[in-house]
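All remarks here apply to the structure that follows.
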Amino acid sequence: MFEAKLANAALLKKIVEAIKDLVTDAPFDCSESAMCLQAMDSSHVALVSLKLEVGMFDTYRCDRTINLGLSLANMSKALKCANNDDTCMIKYEENDGDSITFTFADVKRDKTQDVTVKMMDIDSEHLGIPDQSYSVVCEMPASEFQKTCKDLATFSDSLNITATKAGIVFTGKGDIGTSVVTYSPSSNSDDESESVSLEVKRSSQPTALSDRVRLSLCNEVPVVVEYPIEDNGYLRFYLAPKIDDEENMD
Amino acid sequence: MFEAKLANAALLKKIVEAIKDLVTDAPFDCSESAMCLQAMDSSHVALVSLKLEVGMFDTYRCDRTINLGLSLANMSKALKCANNDDTCMIKYEENDGDSITFTFADVKRDKTQDVTVKMMDIDSEHLGIPDQSYSVVCEMPASEFQKTCKDLATFSDSLNITATKAGIVFTGKGDIGTSVVTYSPSSNSDDESESVSLEVKRSSQPTALSDRVRLSLCNEVPVVVEYPIEDNGYLRFYLAPKIDDEENMD
Amino acid sequence: MFEAKLANAALLKKIVEAIKDLVTDAPFDCSESAMCLQAMDSSHVALVSLKLEVGMFDTYRCDRTINLGLSLANMSKALKCANNDDTCMIKYEENDGDSITFTFADVKRDKTQDVTVKMMDIDSEHLGIPDQSYSVVCEMPASEFQKTCKDLATFSDSLNITATKAGIVFTGKGDIGTSVVTYSPSSNSDDESESVSLEVKRSSQPTALSDRVRLSLCNEVPVVVEYPIEDNGYLRFYLAPKIDDEENMD
């Protein structure tokens with residue numbers, strides 16, 4: 001049996017909205033200590049890694065380590081039924097067959113909503129992510145990062161991130177023109193490190209999961225885009241560098 | 001001659017928006033006492049019944065009982081021209097040929113707008129709706145009913161309503177999962193009556209016609225979804241039960 | 001070299017949004033005294049005439065008269081990157097080849113964005129617009145004019161404007177009906193002049209360039225729809241009258 005209760009459904013709704021365009025089927029690994037998810041997008045360029053620790057839940061019971069496979073499209077439909085301030089209980093019982101029940105409760109109105117979603121068999125490939133030291137770690141407002149990615153996507157389907165002592169620079173170059181966004185270091189004091197240049201094929205667009213985003217950069221290894229979730233979890237995107245023959249950095 | 005003036009155009013705009021996806025052509029029956037409309041949707045599952053009594057109008061003159069046929073799509077286009085706080089005069093004169101004029105006036109700005117819409121010949125089939133006693137009458141916030149119908153439509157194109165002493169329960173069951181919404185009786189004290197189960201094929205989605213909606217339920221007869229309009233009228237949807245062979249209640 | 005700086009990018013964004021559906025390619029004529037644009041729509045019914053005088057810019061440098069051709073679609077993409085309160089620098093250097101750079105700076109966040117857009121060869125046909133005395137000049141709130149044009153477009157693809165001592169009247173007549181909007185003179189005291197009747201094929205829809213719009217009308221010559229831009233420029237639409245054989249005014 002697995003049973004975990006979140007104080008409000010909005011958090012899970014935002015997480016699912018943030019990843020459902022990248023990953024279609026999600027294997028949730030539930031253990032005594034956390035609910036985790038690792039999945040790659042279909043083009044194997046982006047790896048999503050989600051961790052929700054026990055401390056994030058109001059109640060949490062996991063009798064044995066279990067893998068719950070869900071279509072994120074269906075999970076999104078279920079979560080859209082919830083009001084943002086509803087509580088959200090996630091429940092799986094072996095006897096219930098292959099389905100998971102989300103229960104949304106709005107105490108004030110004496111209303112509960114049970115949404116039962118069929119599970120899927122998904123091969124869970126929990127990849128070992130090697131420890132990596134990064135040349136640059138940059139924190140910035142999540143909204144700024146999101147707007148910059150959206151603006152550059154107008155011009156190019158890949159973007160280049162360069163961090164120097166002068167700041168962090170995002171560049172998108174395409175047929176109709178070029179856009180270069182520069183954040184100068186006075187507001188990003190962590191960036192004063194060596195130069196780094198890499199290209200990410202696409203970037204993630206979570207909306208309001210957290211106020212801040214942390215970018216970890218190093219040449220020729222995946223960039224990490226991390227959104228901390230309260231104090232007990234994170235949503236990370238590992239984005240592989242794009243290797244162009246003509247622009248190869250070797 | 002028919003001439004009737006509403007204090008603001010927003011009311012008529014909301015009514016037309018609420019029914020125009022269900023009914024395309026509307027025969028308005030105008031008499032000394034009220035402006036009425038009865039029409040079935042094309043699949044003959046839903047009957048719309050609208051009554052606007054004289055008391056709802058600022059001025060009202062109807063020389064003789066008359067039937068005014070209008071395309072609701074055209075009527076919607078006309079009403080979208082009105083600002084919500086404009087007054088709305090509806091006028092038909094035998095001499096004007098086959099058209100109706102809506103006049104919207106915004107006194108402050110010294111602006112008037114006359115929209116003349118061509119009439120249609122529509123067979124008016126004013127059905128006698130038999131008196132029916134219902135096992136359950138349930139009042140609830142219109143917004144809750146609307147959200148519940150929208151949520152369940154994600155999972156199923158039919159929904160099941162069950163009322164017991166424990167509350168009123170809406171169920172939608174489909175391929176991707178099942179959603180069950182329960183309102184417990186503490187907030188719906190009228191529901192403490194015998195069990196009722198029926199299925200409605202689709203439900204109506206008026207937005208802000210009224211704060212409350214009244215559901216009248218009885219096995220094997222159409223459910224009535226009623227929105228009171230101020231104190232002088234109503235918009236009712238009669239929705240036929242869906243008879244499945246496998247789930248037949250007989 | 002051409003270099004001009006606007007205190008905020010919102011102004012240029014609004015101008016481009018207002019004209020980009022009418023005109024695809026824009027030749028900006030830059031001189032010592034102003035940045036101008038004249039272009040006709042593809043059907044040669046509407047002439048757009050834009051003038052931004054030096055006084056509108058924070059800084060302005062134009063070494064020699066020059067014509068900068070830009071796709072308005074690309075210019076719109078560039079300007080959408082700007083936040084409304086960003087400053088906007090427009091820069092062209094002969095040495096940079098055929099491109100223009102827009103620099104948006106948000107001083108608070110120490111962020112700058114350079115968007116470089118390729119230029120186009122556009123035949124600039126700066127038409128001499130003859131002086132014309134108009135029978136009627138009518139000023140009205142831009143929002144009212146915009147709503148009236150939008151409402152009438154529901155019914156007809158041409159509209160008729162008639163101004164008399166009784167007011168200014170906009171009429172759209174189509175298959176589904178007719179809409180007549182009347183503004184009475186008490187709020188438009190300038191309109192008390194002789195009768196004028198003409199038809200304009202389409203009208204412009206700038207949103208919030210200015211609070212007021214000025215219409216200049218005379219039989220059988222183009223109507224002028226003018227939006228003043230601050231105190232140092234204007235956006236004008238010259239709209240040719242539509243000559244119908246059956247409704248010819250001769």
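So that the names make sense, note that chain A is the first sequence line, chain B the second, and so on, each numbered from 1. Note: hydrogens, waters and symmetry copies are ignored here, and every other heavy atom, side chains too, is used.
- When the candidates B/Thr148, B/Leu152, B/Ile176 are compared by the number of heavy-atom contacts under 4.5 Å with chain A, B/Ile176 comes out ahead.
- In this structure, B/Asp151 and A/Cys81 approach most closely via the heavy-atom pair OD2-O, 3.2 Å.
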Without placing hydrogens or testing angles, list every side-chain donor-acceptor pair under 3.5 Å for residues 68-78 of chain A, not counting sequence neighbours.
residue, atom, partner, partner atom, Å
A/Ser71, OG, A/Ala73, N, 3.3
A/Ser71, OG, A/Asn74, N, 3.1
A/Ser76, OG, A/Glu17, OE2, 2.8

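- Each of A/Thr116, A/Val117, A/Thr103 has some count of heavy-atom pairs under 4.5 Å with chain B, and the biggest count is that of A/Thr116.
- Other residues, nucleotides and ligands contribute at most 12 non-hydrogen atoms within 6.0 Å of the NZ atom of B/Lys51.
- Note that the CG atom of A/Asp114 and the OG1 atom of B/Thr182 stand 6.5 Å from one another [nearest 0.5 Å].
- Surrounding CZ of B/Arg214 are at most 12 heavy atoms belonging to other residues, nucleotides or ligands under 6.0 Å away.
- For B/Phe170, no part sits under 4.5 Å from any heavy atom of chain A, backbone or side chain.
- Interface residue A/Lys80: only backbone heavy atoms are found under 4.5 Å from chain B.
- With sequence neighbours left out, A/Phe2 forms a ring-ring contact (aromatic ring centres under 6.0 Å, His included) with A/Tyr60.
- More than 12 non-hydrogen atoms from other residues, nucleotides or ligands lie less than 6.0 angstrom from CD of A/Gln132.
- Distance alone, capped at 3.5 Å, places no donor-acceptor pair between the B/Lys147 side chain and the A/Asn83 backbone.
- Of the possible donor and acceptor atoms, none in the side chain of A/Lys111 sits under 3.5 Å from a partner among the backbone N and O of B/Glu144.
- Using a 4.5 Å cut-off between heavy atoms, A/Thr112 touches chain B through backbone and side chain atoms alike.
- Taken to the nearest 0.5 Å, the CZ atom of A/Phe104 stands 8.0 Å off from the OG atom of B/Ser179.
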